[in-house]
Amino acid sequence: MKTNYLRNKTFNLVATTTILLANNVTTLQADETNIAIDQINIEDSSYSDYESREDLKLSSTKNLYRVEKTAQFGTEVITQEEIKAQNPKDIFDLLNKTAGLDVTYQGRKHPYFVNMRGGGNITYILDGAILTGTADRILVKLPMSAIEEIQIVKSSTSLTLAPSIDIGASNSGSGNSIGFIIIRTKQPKKTEGVISTYYEKSESHPSANGQNIYAGTTFAKSDDLSGFVGGMVSRYDRPSNNEWFDGSDAKSGMINAGFTYNKLKMNLMGYKDEGMFEFQKGVDKTGAISTVEWYYDPLKTTILSLDGNYAWNENQITLFSLSNSEYKHTEYTPNAKDYEEKTKTYSLRHNMTFDDTLIQLGGQITNSKGNGSNLSYSYNSYDTSVYGGAISIEQGLFDNSLILNAGYRIDQKKIDHSTSAKNQTSYNNLKDANNNSDLPEAKVLALGAMYNFDNIHSLSVRYLKANEGGGDFDLITNDGSELHEEKQDRFEVGIEGKYSKAFNPMITYFDVDIKNEKSVATDSSGNTLYYTDSSGNEYYYYNEEDSRRKGLEFAIKGTINGATTYKLSYTRMLDNTTDNEDSIGIDTPRDLYTAMISHTWDSYTFNVSAKKVSDYTSSSSAMGTSTNGDLGDYIRVDANVSKDFKIFNFDSIFKLYGRNITDENYATRYTTGYYYDRGRVIGAELSLLF
């Protein structure tokens with residue numbers, strides 16, 4: 001089959017090249033292949049401890065998620081220290097404070113949508129596990145204390161990280177991913193542990209509480225053998241009153257272990273959680289509250305991942321990751337409906353350096369199977385795989401003042417079977433249909449250049465041309481017109497100045513041009529359009545539109561006198577049109593502002609973060625498109641103060657915190673009504689370190 005040919009072609013190329021180059025190029029000595037590319041230091045040591053984790057350095061060839069130098073310009077790293085400073089409720093609360101990202105909340109089905117610079121699909125990776133469309137339901141329960149760092153690759157021209165198209169269910173157009181959010185779990189740096197507990201309260205809601213225990217240690221048996229092991233258990237309960245109905249709870253556990261033996265390094269992560277999640281009742285424009293109670297109870301996630309690298313020498317490094325993820329839920333709408341999904345991912349990369357040339361080869365295989373009630377359909381059954389591979393070449397010139405890169409990626413989705421329907425009768429009629437379907441290949445070409453004018457100023461330019469390879473098999477239009485392949489052209493240019501530790505500004509211009517973007521069709525009143533086939537099966541009609549997003553992103557960060565750190569950003573959409581209709585201020589905010597400042601004085605640490613979003617009026621869902629809404633237009637401020645002290649000779653931290661301390665009453669989506677923020681939350685947390 002065509003899929004087998006692509007799969008064999010991709011992985012034979014990667015595996016053969018890895019073995020040949022690793023064995024035949026060992027004569028290149030480290031002193032002859034000085035990787036001068038790494039002299040351009042993107043990382044800021046004030047935000048992360050890079051000395052102990054070579055695999056976390058953005059420029060390191062031992063980093064499984066290394067991106068090209070030109071793409072690093074648009075990559076933001078949120079470290080464990082910054083997560084503690086911002087004290088977010090969950091990962092989506094944290095992402096919403098990141099430059100260029102805007103998180104919207106919608107009750108029912110998907111709890112969160114993350115928009116990157118105005119829109120686009122995002123691929124989530126958790127310790128090598130590439131996640132499917134259920135990512136928001138998985139990650140919302142992930143404890144913040146389990147995260148080492150989050151790497152956000154915006155409008156990425158990096159091609160070796162993961163497939164360029166969505167994995168998992170195959171009942172709608174997928175489109176090329178606009179960027180990546182890579183989550184790395186915590187590993188101990190020494191023998192260490194922490195026990196923490198918090199209590200918080202918001203007006204008119206029951207109190208919430210949570211506890212967390214983490215312990216880990218490292219060992220070194222010899223110069224050749226060292227390792228670590230760590231474990232965590234966590235729980236929280238955030239109940240709601242019956243009128244609001246947005247409660248949640250979860251219990252989770254994680255174990256990490258790893259070792260380094262001579263040239264081999266391996267890490268193992270196991271994570272498991274179970275919880276409940278209520279979907280907030282909407283409040284319509286008359287003030288009436290929906291009476292329908294939708295919720296998931298339980299949601300269960302299990303993830304096992306293995307990753308590592310083998311350094312044949314300092315210039316030839318093979319990296320790999322394997323993962324197995326399982327997700328289950330029971331959905332009450334109000335009738336109980338079950339869903340189960342299993343996903344396996346396999347990644348292989350090889351990085352090789354020749355003087356000032358770096359070549360990166362990468363490939364992935366993913367397989368995902370799902371059955372039950374999910375997304376917009378009550379009955380689903382699918383088994384899909386994506387096979388893909390990429391090559392990237394990075395070249396330094398003029399003593400690495402100029403860095404060029406070029407890359408090419410190809411992916412193909414194979415549909416063993418995929419059935420989706422709104423009712424059981426339709427599902428039974430369709431469950432043997434659509435077997436053994438291969439979508440056309442998705443192809444991506446990326447180019448980049450970075451020029452360092454001096455030790456302070458640098459310029460980065462990136463371009464990507466992508467062809468999705470066509471929508472899935474069941475997409476048809478209301479008027480019978482033909483649907484075409486989605487195509488993307490992305491262009492970015494950025495300028496950065498590293499004037500001092502206290503002042504590091506950058507500005508980026510981005511332009512995303514999408515042809516034939518797929519979306520669910522609606523009528524003039526915004527109602528979703530369905531069709532019924534000869535067997536009585538109901539499906540969405542789809543249409544395709546041309547869209548264009550342009551914008552500017554400003555960011556400044558720095559450390560002042562070693563005691564104060566800050567990050568400021570401003571993203572302004574210059575254009576966000578669909579079929580020449582501008583959506584800025586309609587379904588997209590024009591302006592996003594973020595700010596974070598942290599100051600340490602004696603044993604106290606003060607942190608303040610803020611997000612400002614301009615107004616817009618419309619949002620879309622499977623129910624249709626709402627108009628004339630009052631969305632966005634808010635300023636959200638969070639703050640906390642912590643004090644270090646001793647309890648029974650244990651280092652301890654006591655923190656007082658507030659979220660939405662100005663008690664802003666805002667909503668970001670309208671479906672069954674507005675989904676308002678809870679408002680002001682006040683809490684306290686006590687942590688004992690040992």
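All figures in this text were calculated on a predicted structure; none of them were measured in a lab. FYI, the numbering just counts along the sequence from 1. Atom set for the values below is all heavy atoms of this structure, side chains included, hydrogens, waters and symmetry mates excluded.
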Pair [X] and [Y], ring centroids less than 6.0 Å apart:
X: Tyr295; Y: Tyr332; result: yes
X: Phe648; Y: Phe650; result: no
X: Tyr296; Y: Phe279; result: yes

Side chain [X], main chain [Y], donor-acceptor under 3.5 Å:
X: Tyr124; Y: Ile183; answer: no
X: Glu149; Y: Val77; answer: no
X: Ser248; Y: Phe277; answer: no
X: Asp677; Y: Gly679; answer: yes
X: Lys84; Y: Gln80; answer: no
X: Asn241; Y: Ser204; answer: yes

side-chain contact (heavy atoms from CB on, under 4.5 Å) between Ile152 and Thr98, worked out: CA-CA 9 Å; Ile152 301 171; Thr98 304; 3.5 Å; yes
Worked verdict on Val613 versus Asp102 for side-chain contact (heavy atoms from CB on, under 4.5 Å): CA-CA 8 Å; Val613 179; Asp102 187 39; 3.9 Å; yes
Partner of Lys557 under side chain to side chain contact (heavy atoms under 4.5 Å, CB included), chosen from Lys567, Met506, Met596, Glu76: Lys567
Interatomic distance, Ser547 atom OG to Asn576 atom CG [nearest 0.5 angstrom]: 7.5 Å
Leu142 side, atom CG; Ile138 side, atom CD1 - distance, nearest 0.5 Å: 10.0 Å
In chain order, what residues pass the side-chain contact (heavy atoms from CB on, under 4.5 Å) check against [X], with sequence neighbours excluded?
X: Ser145; result: Pro143, Asn212, Met232
X: Asp587; result: Ser583, Ser618
X: Asp591; result: Tyr570, Arg572, Tyr593, Ser614

Short N-O contact, Lys328 and Asp338, less than 4.0 angstrom: no
salt_bridge(Arg548, Asp575) N-O dist < 4.0 Å: no
The single option from Lys97, Lys89, Gln86 passing side-chain hydrogen bond (donor to acceptor under 3.5 Å, both in side chains) against Asp638: Lys97
Is a side-chain donor-acceptor pair under 3.5 Å present for [Y] with [X]?
X: Ser619; Y: Ser626; answer: yes
X: Asn96; Y: Lys611; answer: yes
X: Asp127; Y: Thr185; answer: yes
X: Asn640; Y: Asn607; answer: yes
X: Thr197; Y: Gln211; answer: yes

Run the ring pair (Phe, Tyr, Trp, His ring centres under 6.0 Å) test against [X] and tell me which residues pass, sequence neighbours left out.
X: Tyr634; result: Tyr666
X: Tyr236; result: none
X: Phe503; result: Tyr499
X: Tyr214; result: none

Let me have the donor-acceptor pairs involving side chains of residues 680-690, under 3.5 Å, with sequence neighbours excluded, atom names and distances please.
unit_1	atom_1	unit_2	atom_2	d
Arg680	NE	Ile661	O	2.9
Arg680	NH2	Ile661	O	3.3

Parallel, tilted or perpendicular, as decided by the 30° and 60° cut-offs, for the rings of Phe92 and Tyr112: parallel
Are the side chains of [Y] and [X] in contact, using a 4.5 Å heavy-atom criterion?
X: Arg636; Y: Asp93; result: yes
X: Asp630; Y: Thr617; result: no
X: Thr343; Y: Leu131; result: no
X: Thr668; Y: Tyr675; result: no
X: Gln151; Y: Val153; result: yes
X: Tyr271; Y: Thr302; result: no
X: Ile130; Y: Ile167; result: yes
X: Ile584; Y: Ile586; result: no

Give me each pair satisfying salt bridge (Lys or Arg N to Asp or Glu O under 4.0 Å) with a member in [range], each pair once, sequence neighbours excluded.
range: residues 110-122; answer: Arg117-Glu492, Arg117-Glu553
range: residues 204-215; answer: none
range: residues 194-210; answer: Glu200-Arg238, Glu200-Arg659
range: residues 278-294; answer: Lys281-Glu293

Candidate pair Glu545 and Thr578, rule side-chain hydrogen bond (donor to acceptor under 3.5 Å, both in side chains), full reasoning: CA-CA 6 Å; Glu545 303 165 317; Thr578 300; 5.0 Å; no
CA sep, side-chain torsions, deciding dist, call: Leu101, Val114, side-chain contact (heavy atoms from CB on, under 4.5 Å): CA-CA 7 Å; Leu101 269 61; Val114 180; 4.0 Å; yes
Ring-face cation of Lys643 near Phe654 (centre distance under 6.0 Å, axis angle within 45°): no
Row check, Phe510 ring normal vs Arg549 NZ/CZ: under 6.0 Å, within 45°: no
Working for side-chain hydrogen bond (donor to acceptor under 3.5 Å, both in side chains), residues Asn209 and Arg235: CA-CA 9 Å; Asn209 70 90; Arg235 67 161 297 278; 2.8 Å; yes
Residues Ser290, Thr672; criterion side-chain hydrogen bond (donor to acceptor under 3.5 Å, both in side chains); working and verdict: CA-CA 7 Å; Ser290 173; Thr672 59; 4.9 Å; no
side-chain hydrogen bond (donor to acceptor under 3.5 Å, both in side chains) between Glu81 and Thr79, worked out: CA-CA 5 Å; Glu81 291 78 13; Thr79 66; 3.2 Å; yes
